[in-house]
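Please read the structure below before turning to the comments.
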Amino acid sequence: MISKTYSPQEIEEKWYDFWIENRFFSSTPHPDKEPYTIVIPPPNVTGVLHMGHMLNNTIQDILVRKARMEGKEACWVPGTDHASIATEAKVVAMLKERGIQKRDLSRDEFLDYCWEWTHKYGGIILQQLRKLGASCDWDRTRFTMEPDLYDSVIDVFIDLYTKGDIYRGHRMVNWDPQARTTVSDEEVNMKEVNQKLVYLRYDLEDNSGSVTIATTRPETIMADVAICVNPTDERYQHLIGKKALIPLIGRAIPIIADEYVEIEFGTGCLKVTPAHDTNDYELGKKHNLPIIDLLAEDGTLNEKAQILVGEDRFVARKKIIKLLTEAGNLVKVEEYRSNVGHSERTDAVIEPRLSEQWFLKMQRLSEPALEHVMNDTIQLIPPKFKNTYRHWMENVRDWNISRQLWWGHRIPAYYLSDGTCIVAKSKREALRKAQHELQLFALTEEDLRQDEDVLDTWFSSWLWPISVFNGIKDPENKDINYYYPTNDLVTAPEILFFWVARMIIAGYEYKGTYPFKNVYLTGIVRDKQGRKMSKSLGNSPDPIELIEKYGADGVRTGMLFSSPAGNDLPFDEKLVEQGRNFCNKVWNAFRLTQGWEVVETTTPNEASLRAIAWFESRINQTLTEVLDLFTKFRISDALNAVYKLIWDDFCAQYLEMVKPEYGSPIDAATYQSTLQFFDTLMRLTHPFMPFITEEIWQNMGQRAEKETICLAPYPQPGAIDHAILADFDILFELVSAIRNLRNTKGISPKTALPLAIRTDSETRYQTLEALIRKLANVSELTFVQEQPEGMSFLVRSDEFFINLSGEIDVDAERETLRKELEYTEGFLLSVSKKLSNERFVQNAKGDVVEKERQKQADAEAKIVTIKEALARLG
RNA sequence: GGGCUCUUAGCUCAGCUGGUUCAGAGCACCUGCCUUACAAGCAGGGGGUCGGGGGUUCGAAUCCCUCAGGGCCCA
């Protein structure tokens, strides 16, 4: 006997192993088949599965499974990226536990630990994806640090450098003093914090007075190189050209004028500190001011500060206020709220810092990437992201691609002792270049020093759709030619610029075409309070535990129930519960059919014949709808349509129609049709719920040894008989009305009732008679012209009577009819008003007017029926 | 401060290029049921002036303006 509830645990592993053993998900180029390709957004190699991954990968799996069933050569490439900062942070923490400091290790030693970490934890997230049912081609698993992908990154760097797109320069960058590396603008989170705005008096060098400036960063005054006022500010005209003395250290700096200074802010006098503020840096360049950098890379003050050397910037800030107070330079302190950048990785306050970095020029590269999104060659879903994308691309800044880290692709630049820089694939290559191009024949490899920095992780993942097929190193290989451009990319909107835009750029630069046709941007999974789910907040359920509790299919559908593209998904375990319940529903429908005794000798009864004809059309109608929703990437809506088809139409209606009497067998023809429908439904549902559909599909008939629903054809819609669908809508209304009557009168569903119908279309009800009897438990069905004894009610314009001995509440019935009449008359009035409005008849489209006329006629007929019924009640 | 976006039932959302008295779905809720597939279920039911105001139109949840509030991105 089959279990009463569906038990996913026993089934999921069995089928996943079966799929893998038979390599159903592995793909090779088949020139005669249409390819369908997705590359996974590579998760951090150090990561574990979170709710965002679940949503994201469920959607990818649905798309790829459907394509596979549609006969396409489906290829979903999995993999991970090396995540420089995140991985280093974890490795550093691991070393700390073992009592080892990163700075005590050589680069190679440290990298050994990184690999150790990667090998230990690197596979976890991919293993977890299997639990979800992900149908990736695991043989193609890639990692951004594996040799071919590593080489691709280096080759691209050299290529872009040779083209003149990569340059080295001093720039103000975002410095994370805790991680001791640069981070990109995108990795800086602005947070509003309370600060102190400190007013400081600088005495003039000529003793003619003083000037007061306001600053939030008093610890940087030792790096001041000027004081700037607005040239139109009358208060300070007399000061321009004079010199002021920096408090505590007494260095003289000029007072200059520039429109940049806001007269209203603070005192209208700005201290200019080019090394420690981006705007000041620009101002300094404009006025040819020197640069004094008083911060070390760990955020402490260096010897250039002269005082407080070695103190952390925040400690120094407190201490210097005390010193300034003692020296009598402190005028006042105000509370001030402003935005301060924090590192996404370490949450340290970002320091604008001047340093030598590598940059990629974005202007030329971004042009095709902007154009082809705007003209929909690449489609963003939902399209509202086009605006955001354009805004970013039109204001794109050069990309700082160097990171002061060790774990990553080391920049292939080699320096001679005089600082000359040679970009080459290897030290040997660099040496050869130096010897030939610079005529330095005496040079040895010992004289070359490789750049210490690695490339930004995104500088490897932007090649992902190409490099996973080795399309950089071997541009004409079979795989890249077949699978590229890929079809769909599914990812989170937060990395639209980090990653998506840059992949598009790389696609056009290296393949001359788009990397993917559609970008589906999922929502962000949030908790009930609207907060983003994150590990640090601890507000996220463990996805694996969820799967164990509800089953992978339940979790997949649960996540999808309320997640239209681009909209956030407020997660609620109730959704997953609903998903599990759905599985159970399907399971029990299967149980029902398995319990039937089938006899070959009898033929289908009238109810079954009608039911089969109806469901045939109904299934085709839904199929058409689902396929259309898929083309619009409305996956959640597609699931909902499938859900309703199975639960409402198949289980609640169809199965009840064909279900034999208790203890009676079912005829073979009806049984076969039902199984056929079930088969179609399972194939339709398989992309959403791969495990349970495979289990049922395998058990509902004889299957060949290596047959799988994964490769069974996806259902295609056939003809829809709209007349029968319309008839059944009336049937359902009628059955509902009778059940409602039973409910309000307290009549058991087991009590059969006689039904009389007064109608102009008897044939319609004649064809439905068997079903009316069965679904509403009607004992006899007659057609009448006059009112018989009993209760009456309306469905559309037809009147129905049920003889309930002695239980008629005439007043209540009259009241119901009166309400119905009132409503219908109101309806008729509004329709008639519309039709008597000449401008409506003139302006509205013909079919709209025609519809209104139909409504008018229907309403009039209905009013007549109601009035007659009322008249009979007296 | 600039740009984008959103506001519809108690909750989460759907309602495309205006056209049924148009206001919908799921969950939640209420009533009655252990009916021989399923209580993770069955049958039935209530619930909203579509954020406020103004405008365009024969007709507005849908288009325009404005106000209020939320979110995201950028400075």
Side-chain angles (χ1 to χ4, degrees), chain A residues 2-6 185-186 190 278-279 339 382 384-392 394-395 397 493-494 496-497 523-524 526 528 530 550-551 554 561-564 566-572 574-575 577-596 632 634 636-637 639-641 643-644 647-648 651-652 655-656 659-663 735-744 746-750 775-777 822-831 833-845 847-849 851-852 854-856 858-859:
Chain A
I2 312 171
S3 149
K4 216 172 152 173
T5 47
Y6 172 60
D185 290 343
E186 289 79 7
M190 300 306 283
T278 316
N279 295 316
N339 284 315
K384 66 176 177 183
F385 285 106
K386 269 171 83 174
N387 282 332
T388 322
Y389 182 86
R390 186 184 58 216
H391 193 255
W392 191 79
E394 282 175 350
N395 297 288
R397 286 190 281 179
E494 33 190 6
L496 185 58
F497 310 124
I524 295 165
R526 297 182 181 279
K528 279 184 192 165
Y550 294 100
F561 273 132
S562 88
S563 69
N567 274 15
D568 287 358
L569 167 67
F571 182 78
D572 188 335
K574 273 248 146 62
L575 292 168
E577 205 179 304
Q578 198 188 339
R580 179 203 55 183
N581 293 355
F582 183 41
C583 290
N584 203 45
K585 188 71 186 175
V586 174
W587 183 251
N588 275 290
F590 179 60
R591 270 184 72 208
L592 174 66
T593 63
Q594 290 312 97
W596 284 338
K632 295 170 180 153
R634 302 187 60 142
S636 182
D637 290 342
L639 170 64
N640 272 302
Y643 181 86
K644 278 186 188 152
W647 199 307
D648 298 344
C651 294
L655 288 178
E656 293 300 328
K659 192 165 148 182
E661 293 287 313
Y662 179 61
V735 170
S736 266
I738 296 171
R739 285 173 180 168
N740 187 10
L741 193 76
R742 286 181 189 278
N743 243 337
T744 50
I747 304 164
S748 157
K750 286 177 184 166
L775 298 181
N777 195 11
E822 198 181 319
Y823 174 91
T824 314
E825 281 177 339
F827 177 79
L828 177 64
L829 191 71
S830 91
V831 174
K833 239 164 104 182
K834 223 183 244 188
L835 284 167
S836 60
N837 182 333
E838 268 180 45
R839 287 199 278 184
F840 169 71
V841 183
Q842 271 169 16
N843 296 338
K845 279 187 241 158
D847 58 329
V848 173
V849 178
K851 258 189 188 168
E852 294 297 313
Q854 187 59 48
K855 280 191 269 176
Q856 190 180 35
D858 288 350

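Numbers restart at 1 for each chain; the letters A, B, ... are given by sequence-line order, proteins then strands.
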Using the [atom1] atom in both, what is the distance from [N] to [M], to the nearest Å?
N: B:rG52; M: B:rU62; atom1: P; value: 10 Å
N: B:rC42; M: B:rC38; atom1: C1'; value: 9 Å
N: B:rC6; M: B:rC22; atom1: P; value: 27 Å
N: B:rG46; M: B:rG1; atom1: P; value: 49 Å
N: B:rU56; M: B:rG10; atom1: P; value: 32 Å
N: B:rG55; M: B:rA43; atom1: C1'; value: 49 Å
N: B:rA68; M: B:rG54; atom1: C1'; value: 15 Å
N: B:rA60; M: B:rG45; atom1: P; value: 31 Å

task: Determine whether any donor atom in the side chain of A:K4 lies under 3.5 Å from an acceptor atom in the base of B:rC38, or the reverse, and answer yes or no.
output: no

Polar side-chain contact A:E656-B:rA37 base: donor and acceptor under 3.5 Å: yes

Considering only side-chain heavy atoms of [X], which listed nucleotide, [options], is closest?
X: A:N581; options: B:rG41, B:rG44, B:rC4; value: B:rG41
X: A:F827; options: B:rU21, B:rA40, B:rC27; value: B:rU21
X: A:A652; options: B:rU5, B:rA40, B:rA43; value: B:rA43
X: A:N387; options: B:rA25, B:rC4, B:rC27; value: B:rC4
X: A:R591; options: B:rA40, B:rA37, B:rG3; value: B:rA37

- request: Hey, can you tell me if A:F582 and A:Y643 have their rings parallel, tilted or perpendicular (30° and 60° cut-offs)?
  value: tilted

Check whether any side-chain nitrogen or oxygen of [X] sits under 4.0 Å from OP1 or OP2 of [N], and answer yes or no.
X: A:R839; N: B:rG19; value: no
X: A:S736; N: B:rG44; value: yes
X: A:S830; N: B:rU21; value: yes
X: A:W647; N: B:rA37; value: no
X: A:K834; N: B:rU21; value: yes

- prompt: So what's the dot-bracket for RNA chain B: Watson-Crick or G-U pairs under 3.5 Å, [ ] if a pair crosses, | if it pairs off-strand?
  reply: (((((((..((((.....[....)))).(((((.......))))).....(((((..]....)))))))))))).

message: Suppose we screen for side chain to side chain donor-acceptor pair (under 3.5 Å). Which residues come up paired with A:Q854, at least two apart in sequence or across chains?
response: A:D858

Listed partners of A:R397 passing side chain to side chain donor-acceptor pair (under 3.5 Å), at least two apart: A:D185

- prompt: Is A:K574 salt-bridged to A:E577, going by a charged N under 4.0 Å from an acidic O?
  reply: no

Atom pair distance, as rounded to whole Å: CZ in A:F385 and C1' in B:rC6: 12 Å

- request: To the nearest Å, give me how far apart CZ (A:R390) and P (B:rC4) are.
  value: 8 Å

- prompt: Under the 3.5 angstrom rule, does the side chain of A:N588 hit a backbone N or O of A:N584 as a donor-acceptor pair?
  reply: yes

- prompt: In terms of the nearest nucleotide of RNA chain B, which residue is placed more toward the 5' end: A:K574 or A:K632?
  reply: A:K632

